[in-house]
Trainee: 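This structure is in structure tokens; I'll ask about it shortly.
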Amino acid sequence: EVQFVESGGGLVQAGGSLRLSCAASGFSFDDYAIGWFRQAPGKEREEISCISVSDGSVYYADSVKGRFAISSDNAKNLVFLQMNSLKPEDTAVYYCAAVSSWGLRLGALYFDGMDFWGSGTLVTVSS
């Protein structure tokens with residue numbers, strides 16, 4: 001059974017930091033990139049970062065580049081998203097996903113193939 005469990009969300013003031021964790025199981029971790037996307041109320045899903053498990057390459061949307069950092073512990077099937085300098089517009093539910101195809105276009109990250117994802121963790125940034 002495929003499982004994604006996100007954790008680490010919460011309430012933080014603008015300028016603060018949070019570290020999200022994603023624990024994945026039930027599939028071949030090495031066959032995918034693991035990505036983070038977010039969705040705020042009334043807004044479209046936004047893909048923000050992913051990491052290629054096989055070679056460690058990382059990708060970011062311009063909206064989070066320089067503030068967020070993705071990393072992984074492949075031995076434990078864990079992926080992390082360190083979020084610094086948080087802004088109120090970062091408020092959203094954050095999800096991790098197994099991504100089979102992705103790309104960057106004009107500063108926007110997109111996931112062409114997203115096979116599995118979790119139920120998300122809420123991040124609220126107060127002004």
Side-chain angles (χ1 to χ4, degrees):
E1 179 187 3
V2 174
Q3 282 194 329
F4 276 93
V5 180
E6 301 96 338
S7 61
L11 174 64
V12 65
Q13 288 189 330
S17 298
L18 283 174
R19 189 190 194 210
L20 304 185
S21 298
C22 171
S25 62
F27 65 99
S28 181
F29 202 63
D30 293 351
D31 289 345
Y32 290 90
I34 304 297
W36 288 93
F37 66 94
R38 64 189 181 185
Q39 188 155 26
K43 295 188 177 180
E44 292 187 356
R45 185 185 83 200
E46 180 187 16
E47 287 90 298
I48 57 174
S49 184
C50 69
I51 182 167
S52 171
V53 175
S54 60
D55 66 12
S57 299
V58 297
Y59 305 85
Y60 299 97
D62 280 358
S63 59
V64 304
K65 191 180 295 182
R67 300 188 298 124
F68 291 10
I70 192 170
S71 61
S72 68
D73 181 340
N74 294 350
K76 298 180 179 178
N77 284 15
L78 293 171
V79 174
F80 307 99
L81 187 69
Q82 177 66 42
M83 306 188 298
N84 300 324
S85 303
L86 283 161
K87 305 174 181 180
E89 51 263 43
D90 294 318
T91 295
V93 179
Y94 284 70
Y95 303 84
C96 63
V99 180
S100 54
S101 178
W102 66 95
L104 278 167
R105 184 187 299 124
L106 300 178
L109 181 65
Y110 59 92
F111 300 159
D112 274 341
M114 197 167 66
D115 293 355
F116 317 110
W117 55 92
S119 58
T121 185
L122 175 63
V123 172
T124 304
V125 184
S126 63
S127 58

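By convention here, the first residue in the shown sequence is residue 1. Just the heavy atoms: all of them, side chains too, but no hydrogens, waters or symmetry mates, feed the values below.
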Trainee: Show me, pair by pair, the donor-acceptor contacts under 3.5 angstrom made by side chains of residues 74-86, not counting sequence neighbours?
Mentor:
unit_1	atom_1	unit_2	atom_2	d
Asn74	OD1	Ser72	OG	2.9
Asn74	ND2	Val53	O	3.3
Gln82	NE2	Asn84	OD1	2.9
Asn84	OD1	Ser17	OG	2.9

Trainee: Are side-chain heavy atoms of Arg105 and Tyr110 found at a separation under 4.5 Å?
Mentor: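 Arg105 reaches Tyr110 side chain to side chain.
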Trainee: Can you see which heavy atom on Pro88 is nearest to which on Ser127, and at what distance?
Mentor: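 Heavy atoms of Pro88 and Ser127 come nearest at CG-CB, 3.8 Å.
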Trainee: Evaluate side-chain contact (heavy atoms from CB on, under 4.5 Å) for Glu6 paired with Trp36, printing each intermediate quantity in order.
Mentor: CA-CA 10 Å; Glu6 301 96 338; Trp36 288 93; 4.0 Å; yes
Trainee: Please give the remaining members of the hydrophobic cluster of Trp117, linking ILVMFWY side chains under 4.5 Å, ordered by chain and number.
Mentor: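 Its cluster partners, ordered by chain and number, are Phe37, Tyr59, Val93, Tyr95, Val99, Trp102, Leu104, Leu109, Phe111, Met114, Leu122.
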Trainee: Would you confirm whether Thr91, through its side chain, and Val125, through its main-chain N or O, come within 3.5 Å as a donor-acceptor pair?
Mentor: yes
Trainee: To the nearest 0.5 Å, what is the distance between CD1 on Ile70 and SG on Cys96?
Mentor: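 Between atom CD1 of Ile70 and atom SG of Cys96 there are 9.0 Å.
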Trainee: Can we say Asp90 and Lys87 salt-bridge, meaning some charged N sits less than 4.0 Å from an Asp/Glu carboxylate O?
Mentor: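 A salt bridge is absent here (no side-chain N lies under 4.0 Å from a carboxylate O).
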Trainee: If every non-hydrogen atom of Asp115 is compared with every non-hydrogen atom of Ser100, which pair is closest and at what distance?
Mentor: OD1-OG, 3.6 Å
Trainee: Kindly compute the distance separating CZ (Phe4) from CZ (Phe116), expressed to the nearest 0.5 Å.
Mentor: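 With rounding to 0.5 Å, CZ (Phe4) is 7.5 Å from CZ (Phe116).
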Trainee: Count I, L, V, M, F, W, Y as connected when their side-chain heavy atoms are under 4.5 Å apart, and connections chain through other members. Are Leu20 and Val5 then in the same cluster?
Mentor: no
Trainee: Going by the rule side chain to side chain contact (heavy atoms under 4.5 Å, CB included), which residues pair with Ala108 if we only count those two or more places apart in sequence or in a different chain?
Mentor: none
Trainee: With a 4.5 Å cut-off on side-chain heavy atoms, are Val64 and Glu46 touching?
Mentor: no
